[in-house]
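Okay, so here's the structure we're looking at.
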Amino acid sequence: GVARTRWMNAVPFATLGQRARLRRVREAVEKVDGLELVGAWLAGTGLASVVPDSRRAAQRIRGLRWGMFTEES
């Protein structure tokens, strides 16, 4: 009942211009209220990159929800 898979070259190197492309994605997402994107493809590989980025996204989402309850109509 056990199998082991060894992944060779599983994490590709970033291509030239990757940072600029990701910056443009983030800028486009910021223009849409309530839309958040998270994941290793955006934040970088590993939990040390993904977890803090995801927490910031969660804080922004909570802020939007709280703002809905506190804004005067």
Side-chain angles (χ1 to χ4, degrees):
V2 176
R4 178 179 175 190
T5 302
R6 185 174 182 157
W7 297 97
M8 301 300 290
N9 300 320
V11 180
F13 292 104
T15 57
L16 187 61
Q18 181 71 4
R19 285 185 184 176
R21 279 190 294 279
L22 293 177
R23 185 176 52 248
R24 288 193 304 269
V25 168
R26 288 190 185 269
E27 288 170 355
V29 168
E30 286 176 4
K31 295 176 183 177
V32 181
D33 286 340
L35 178 63
E36 292 292 337
L37 300 177
V38 296
W41 69 276
L42 184 61
T45 58
L47 293 176
S49 298
V50 175
V51 170
D53 191 56
S54 298
R55 286 184 174 170
R56 286 189 295 272
Q59 287 174 343
R60 289 189 298 269
I61 291 169
R62 282 193 300 267
L64 284 174
R65 184 159 175 89
W66 179 253
M68 288 173 28
F69 293 122
T70 58
E71 289 178 0
E72 294 181 32
S73 299

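The analysis underlying the following values was restricted to heavy atoms, covering all of them including side chains, and did not include hydrogens, waters or symmetry mates. The first residue in the sequence is number 1, and the count goes up from there.
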Just jot down the side-chain contact (heavy atoms from CB on, under 4.5 Å) partners of [X], sequence neighbours excluded, or say none.
{"X": "Glu30", "answer": "none"}
{"X": "Val25", "answer": "Val29, Leu37, Trp41, Leu42"}
{"X": "Ala20", "answer": "Arg23, Arg24"}

If you look only at pairs with a residue in residues 45-58, which of them pass as a salt bridge (charged side-chain N to carboxylate O under 4.0 Å, His left out), with sequence neighbours excluded?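 Listed once each, the pairs are Arg26-Asp53, Asp53-Arg56.
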Could you list all the salt bridge (charged side-chain N to carboxylate O under 4.0 Å, His left out) pairs where at least one residue sits in residues 34-44, not counting sequence neighbours?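 Only Glu36-Arg60 qualify under salt bridge (charged side-chain N to carboxylate O under 4.0 Å, His left out).
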Output all residues satisfying side-chain hydrogen bond (donor to acceptor under 3.5 Å, both in side chains) with Gln18, sequence neighbours left out; order by chain, then residue number.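 For Gln18 the side-chain hydrogen bond (donor to acceptor under 3.5 Å, both in side chains) partners, ignoring immediate neighbours, are Arg21.
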Do Leu22 and Leu35 belong to the same hydrophobic cluster, where Ile, Leu, Val, Met, Phe, Trp and Tyr are linked whenever their side-chain heavy atoms lie under 4.5 Å apart, directly or via other members?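 As far as the 4.5 Å side-chain criterion goes, Leu35 and Leu22 are connected within one cluster.
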Where Val50 and Gly44 come nearest, the two heavy atoms and their spacing: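 Shortest heavy-atom separation between Val50 and Gly44 comes out as CG2-O, 3.4 Å.
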